[in-house]
Structures are given as C-alpha cells and as structure tokens.
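Everything quoted here is computed from the prediction, not taken from an experiment.
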Protein chains: 2
Amino acid sequence: MTEHLTNSIQDYLKHIYELTEDGQPATTTALATRLGIAPASVTGMIQKLASSEPALVSYRKHQGVTLTDKGRRAALEVIRHHRLIEAWLVQTLGYSWDEVHNEAEKLEHVISEELEARIAAAMGNPLRDPHGDPIPSADLVMPEDKSMALSGLALKQEAMVSKVESQDTDLLKHLESLGLVIGARVKTLEVSRYDQVMRLQVRGRNEPVVLGPAITNRVFVEIK
Amino acid sequence: MTEHLTNSIQDYLKHIYELTEDGQPATTTALATRLGIAPASVTGMIQKLASSEPALVSYRKHQGVTLTDKGRRAALEVIRHHRLIEAWLVQTLGYSWDEVHNEAEKLEHVISEELEARIAAAMGNPLRDPHGDPIPSADLVMPEDKSMALSGLALKQEAMVSKVESQDTDLLKHLESLGLVIGARVKTLEVSRYDQVMRLQVRGRNEPVVLGPAITNRVFVEIK
DNA sequence: AAAATTATTTAGGATAGACTAAATAATTGT
DNA sequence: ACAATTATTTAGTCTATCCTAAATAATTTT
C-alpha cells in the first residue's frame, strides 16, 4: 500500500523535521501552533502517520513525535523542494528573499522530481537557499550546518552571516537595511550576554549597530 | 461570502470553458470523462457551482452547463496560468512542448498573481503557449484564434502551423519528426476530404508527408 | 409512437482532514 | 506531595469531494 503523501501530510512531516532538529521529539502543541490547526487535529493525524504502513513517524502517547527513516526522507524531499524553489525564484525572477517563502510553501508540494532536477541543474546544484539554509542533496542528505546564532558570538570575534531564520518580511527588510545579509562580515564590539544584546561592527558600514535578541537569535554566523 | 476556489473547482471551470468553446453547453458525461470522475459526482458539483453566491455556472437539469461571467473569468485565470507556465518551463528550463503539460496541470492552481505577473513579464507577455494556444491577457481577454484544422485546408493552399491540439507525447514527438511544429510552412498537394487524409509538402523537407485524420484534425494552421 | 438505449439525476455512503468540548495525563508551584 | 495549571487525547461533528446503485429523463431505433 504505497500511501500517497498529501500536501497536508507533507506539511506535518516538514514541521516535525524542523521541530526535532534539536534531537527532542516534537510536541503536539508545538506542531499545532506551526501548522495553524488545533492540537486535537494534530493528535489524530499523528496517530494515523504512526500506524500507516510503512510508518512515517514514531509516537507514544504524551511523549511527542519523531520521524522514522521513511518520514525523514519524505520531509527532506519537501524541504529540498522548498529551498530550491526559493533559490530559483530569487535568481530567475528577481524576487527578494523576503518575498519567496509563501510562494515556495505552495509550490513545494506539486513539483515533480523531473522539475526539481531541472531547477537544481539550472542553478548548478546550490547548497544554500537565499536565507542561508542548507539544501538537502538529491539523495536527501542534509549538508552539515556549521552556523551559530549571532548571540553566541564572543567579544571581538569576527564572523560571516550565513543564515537568517525568519520569514517575517519586515524583519528581513530591516536586516537588509542594516547590511546584515548572507555573506556580510561582522565583528562584535560589545556583548551583554545575559539579555543577548550586542553592539556589532558591520564591514562596509560606518556606524556600529546595536541589536536585541529578536535579531541576535535569528541571525546566524560562521566563524571564518 | 467570497468562495475559495479549490483545485477541484478550478478544474471543473477550466474544462467547462474548453467544452463550451463551440457555443454548446457542456454535458455531464463529457465533463466526467475529461475530469476522470463519475458522472454522478459531476452533477453534484455542478449543482453546487450553480447555486453558489455568486454563481459560477449556469445550469438546468438535463440541459448541460455553461459558465457565468464570474465562472468564465475564473476559468481564464487558470488557463492563463497553465499556458504561461508551459511557455516558461519550455523557455527557461529546456523542457520540450510534449513534457510540460502535466507539470503545468499542477502548478496552475498554486501560483500567485504576483508570480504569474513575474513569469509573464520575464517572457515579454507572450501571446501563445508552446502548443500554439492563445494565452489570455492579464485582464482575462482571450486573444482571437484565427486557426483552422489542417483537414479544412483546400488543395494547393499554403499555410503556417499555428497550434497543435494534443497532449499525447508520442504524437507530439512524431509531429516534430515530420517537421510539423508551430511556425512550419506547409502546402496541400492532395486532399481526400471525405476521410480527411491529405498529402502535404512541408517547407524545408524533401519528401511530402501523408497524414490521416488523427493528425489533420489536431494540427491547426493559419493562412498567411 | 413504443421500445430500447443512453444520459442524467437522486439517494445513500465513504474518506480525509479539520473542529469543539470534555476527559485525562503530565508538569509546575508551593 | 498535593493542588493548580497546562498539555494531550478521546469522542462526536462537519465539510468537501468522491463513489455506487437505483431511478428517471432524454434520445434513438424500429
């Protein structure tokens, strides 16, 4: 019984993947929040995914959900689609990074493997999407992500912005105006670790910028 | 009550549009065949579309269906999406005209107006898709289609191939091998009108080709 | 024009995936 | 450790869209 993966199921798997990246099972409520549906509905779907053949998730009451191998591969497939599409729309249709998310959210479920391959080939098999997130390879291996939150950077340390974890258009536009885009070089001038506030020198910019946790926890860097 | 148009409803409207292009209402069975579902299911959906506010189709029992103005605009929107996407995939990802149909069939339902506009702009607002079908304009006007079936050409008449009405990959490949692609110049050498068989000179090709109705009724031409 | 055939509609169900309200389990605060 | 709070699950519904079987209407044949 080769189960057809509906849009809805693909979304569940994608979000479970993201919620379990820290190694912890995903909770019903967290999933419900992300999916924008009621917790009770999530429980129902989870039970179905856990008892399907083959099972896509592994689940024990009140213990949260994790992906099985099958489920993980399906999730990576969707994530690969999403990130390739974002990169493609930005590169070929002049979208900006803050505009592509919703479009990719819909397209990710309907492109064929053939189209996926053509998009990837047309762009030379990119490793990152416009937000800096790694794009799983065609054989569904997620590239190692060596980035760390800006808030984790030590004093006087230099690094390069490698990823921004947000789909909030306003925030993304703001970051752009600060020069905090993928590839930007930064150096910490002052850090207040407790509340994750920092003063930062952005290469190519005269004035340092002062950032709060809403930003320092969402902008990721790699030490060069 | 702004009804959300589901994929399913968009498909109904698109097929009703195509079936009613000859001015005749679409029958339940014809629609069912095209949609690949049971006639009874079509009746149910039609009744719903006819009684929605605003109505998308106009319907009287046993008399078939036609589109209302609202319905026609919705159908043209889907058709515009479909044809723009076909043109786009062919032009930017090297698809051939016989491969894009299924892909467009899925994408047509999920692209935003914004993406539609960007695709159209990137291609200079094309008037025809790769099959030669007219692409409705952004304000949903279908360009006049002056083409006629190849089988309707008179003896010794010259014309240009302007459209091919088929999604059959094998047929499309065959036509390609005969040189019968959009833009090809042809001249009728011999016609057997009764059974729609004809012998045709294709410009740039040494030997004439002999064609039966499976082809002469699906290849359309414009007299230059 | 009656009979036979074909097309269409009605009636009754199924499934997917959401919801709410109520019940239960787990966690947190004191 | 017990009470209060929060998270999760169960039970029962709802909507969209499909299905099959049976009934009816339209069309075609004779």
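Ionic pairing of Glu77(B) and Lys14(B) is not present here: no N-O contact between side-chain nitrogen and carboxylate oxygen is shorter than 4.0 angstrom.
Between the P atom of dT24(C) and the NZ atom of Lys61(A) lies a distance of 11 Å, rounded to the nearest Å. For the pair Leu49(A) CG and dA16(C) C1', the computed distance is 12 Å after rounding to whole Å. Rounded to whole Å, the distance from CG on Leu35(A) to P on dG17(C) is 12 Å. Residue Ile46(B) contributes atom CD1, which lies 13 Å from atom C1' of dT17(D) at whole-angstrom precision. With rounding to whole Å, Gln47(A) atom CD is found 15 Å from dA18(C) atom C1'.
Base contact: Ser41(B) has a heavy atom under 4.0 Å from a base atom. Note on Thr43(B): a base of the nucleic acid sits closer than 4.0 angstrom, heavy atoms only. Ser8(B) comes within contact range of the sugar-phosphate backbone alone, with a heavy-atom separation under 4.0 Å but no base atom that close.
Between Tyr95(A) and Glu114(B), the side chains place no donor N or O within less than 3.5 Å of an acceptor N or O (distance only, hydrogens not considered).
Residue Gln63(B) places none of its side-chain N or O atoms closer than 4.0 Å to OP1 or OP2 of dA25(D). Distances shorter than 4.0 Å separate none of the side-chain N or O atoms of Tyr12(B) from OP1 or OP2 on dA16(D). Between dG17(C) and Thr6(A), a contact under 4.0 Å exists linking OP1 or OP2 to a side-chain N or O.
When atom types are taken as modelled, the side chain of His109(A) and the backbone of Gln10(A) share no donor-acceptor pair closer than 3.5 angstrom.
Nearer the 5' end of DNA chain C, as judged by each residue's closest nucleotide, is the contact made by Thr28(B), out of Thr28(B) and Ile37(A). Of the two residues contacting DNA chain C, namely Gly36(A) and His62(B), the nearest-nucleotide position lying further toward the 5' end is that of His62(B).
Aromatic ring centres of His82(A) and His101(A) lie closer together than 6.0 Å.
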